[in-house]
Amino acid sequence: MISVMYLLLATAMFVLQDAYFPVGGMELSLKNPCAAAILFLALFHFTATVRLDRALLLVRHTLVQMLPCLVPLFFSAVIWLASAADSAAITNGVGMILPQLLSVLVAAATLYLFGGRGIWYCLASMCAANFISVLAVIYQGGLDAFLQEFYTLLVTFSGETGPLMLQLESHDLTFAFGPFLLYLFLNWKKSPHPLLWTAIVFLFFLTGLKRIAFPAVALAFLTASLLRRLPEKAARQTALCIAAAMMAVSFLYIAGIRYGLFQYLEERLLLDTKGRATLFANVAPYYDISITFLGRGTGFERYVEWFSGLESSAPLRTQTQIHNDFLRMYLNIGFLGYWVWIWSWLTVRLRYWFRQGGKDAGCLFLAVCIYCFVLYATDNTIYYPYTIIACSLVPMSCNFDALANAALAKRCAQWSAAGQEIPCPPQNHTESGS
């Protein structure tokens, strides 16, 4: 029963990504009530089962995965307080961070409900939602038109997109399949029916084809595969060196943009930057490459129409996106905030996953970060809730049941050493979760 309820709620959550309802003059997404229902389902299951093994491990996993969301919230709160920001700015900023936290909680709830098998329940729901979307498009335009547009999309590598395929171009849901592909590639022998899962996921990955996602997956998989061939200590040290290089490159990228990198590419090398040269030139007046730059608070980018550079007194709903999440984060939380954020996003969590889950979990997490790194540098994915669910669930699922059992055994040993008579029965990881 629990599994059926979860599949229905999760599928609805993924289907209702663009459905909104008005509340007090605000538009709220219908996917959020579905996500909240999943949390209540996990809470109800906790009161009935009290799976201490899963709960003990998920507390740590969840806090670590939330850290990069909480850092911008802290620095933004300081900025809002110092600048006496109005309630609209604060509500706008907090409203961007809360869905991130909710997404991490949904990933944790999934694992509590089903243990390590939770990743397949979530992936099945994503595939079902995408399949429903495909069926709706086929019903609207016809199978022949759909297949023709799909063929054109593939042969032009999304250079040409017809009206039917445009309806399936859900950036969030498409990007969310990337981490699952990495999990399948890196855990092939441990995955149930890996060939079938890969074929299904890759098919849906293609229907919403995003060109940048392919090199992102390839680079992430190649790097993680090479690191896994090293001894554990060497793999961990190499991964941390890669993380340090990624942090440096991200900041140099921001500095390069500020000092005219894209203008140079467009004017001197005659490259088509798809309007980014103009957009980044309009961003430039709003930040400095300086240790004294404090940032403007999370959500500031919604106040500016970046193709004109004009600032609004209220958040804009349909403004042009910056298409660079590193620059967006720097703009919002400043020099110090940016370095604390990227350190928490990458280095802190990378150390945790190597220490907590060993080489396999550490390399898998690095692969997810490399995938996100490429997306952050070129797109607007950092606040995509489904991508956050995938990026949280994939590393948290790695060896989850074994780690949960070990966490409970360790805690029981600590309780016994302290003289506390607390029974710790063996946990059954093969239960259905229903």
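- When all heavy atoms of Phe293 and Leu331 are compared, the closest pair comes out as CZ-O, 3.7 Å.
- For Phe205 and Phe214, the ring centers are positioned less than 6.0 Å apart.
- The closest donor-acceptor contact from the side chain of Thr174 to the backbone of Leu209 lies at 3.5 Å or more, if one exists at all.
- Aromatic ring centres of Trp339 and Phe251: separated by under 6.0 Å.
- Checking Thr381 against Tyr371 by side-chain atom types alone, no donor-acceptor pair falls below 3.5 Å.
- Remark: Glu160 pairs with no residue by the side-chain hydrogen bond (donor to acceptor under 3.5 Å, both in side chains) rule, at least two apart or across chains.
- A donor-acceptor pair under 3.5 Å links the side-chain atoms of Trp306 to the main chain of Glu301, judged by distance alone.
- For the side chain to side chain donor-acceptor pair (under 3.5 Å) condition, the pairs that include at least one residue of residues 128-142, sequence neighbours left out, are Gln140-Gln167.
- Annotation: salt bridge (Lys or Arg N to Asp or Glu O under 4.0 Å) contacts involving residues 173-195, sequence neighbours excluded, comprise Lys190-Asp360.
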Let me have the donor-acceptor pairs involving side chains of residues 227-249, under 3.5 Å, with sequence neighbours excluded, atom names and distances please.
from   : atom 1 : to     : atom 2 : distance (Å)
Arg228 : NH1    : Leu186 : O      : 2.3
Arg228 : NH2    : Leu186 : O      : 3.2
Thr238 : OG1    : Ala234 : O      : 2.7

Criterion side chain to side chain contact (heavy atoms under 4.5 Å, CB included) on Leu173 and Leu168, from CA distance to verdict: CA-CA 9 Å; Leu173 202 54; Leu168 296 175; over 6 Å; no
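- Residues Tyr338 and Ser250 bring a donor and an acceptor atom of their side chains to less than 3.5 Å of each other.
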Please assess Phe46 against Arg54 for the test side chain to side chain contact (heavy atoms under 4.5 Å, CB included), listing each intermediate value before the final yes or no. CA-CA 10 Å; Phe46 174 77; Arg54 296 175 183 176; over 6 Å; no
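- The environment of Ile291 atom CD1 is sparse: at most 12 non-hydrogen atoms of other residues, nucleotides or ligands sit within 6.0 angstrom.
- Cation-pi geometry between Arg51 and Tyr112 is not satisfied (NZ or CZ under 6.0 Å from the ring centre, within 45° of the ring normal).
- Between the side chains of Tyr183 and Ser191, not a single donor N or O lies within less than 3.5 Å of an accepting N or O.
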Decide yes or no on side chain to side chain contact (heavy atoms under 4.5 Å, CB included) for Val217 and Leu182, but give the supporting numbers first. CA-CA 7 Å; Val217 168; Leu182 290 172; 4.1 Å; yes
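- The side-chain contact (heavy atoms from CB on, under 4.5 Å) check on Ala145 picks up Leu164, with sequence neighbours excluded.
- Aromatic pair Tyr352/His61: ring centres closer than 6.0 Å.
- Within a 6.0 Å sphere centred on CZ of Arg351, heavy atoms belonging to other residues, nucleotides or ligands number 12 at most.
- Although no hydrogens or angles enter the test, the distance criterion places no donor-acceptor pair under 3.5 Å between the side chain of Asp53 and the main chain of Ala406.
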Taking it one step at a time, do Tyr376 and Tyr253 satisfy side chain to side chain contact (heavy atoms under 4.5 Å, CB included)? CA-CA 11 Å; Tyr376 289 177; Tyr253 185 45; over 6 Å; no
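- Legend: residues meeting side-chain contact (heavy atoms from CB on, under 4.5 Å) with Leu135, ordered by chain and number and at least two apart, are Phe131.
- Pairing each heavy atom of Leu364 with each of Cys398, the nearest pair is CD2-CB, 4.0 Å.
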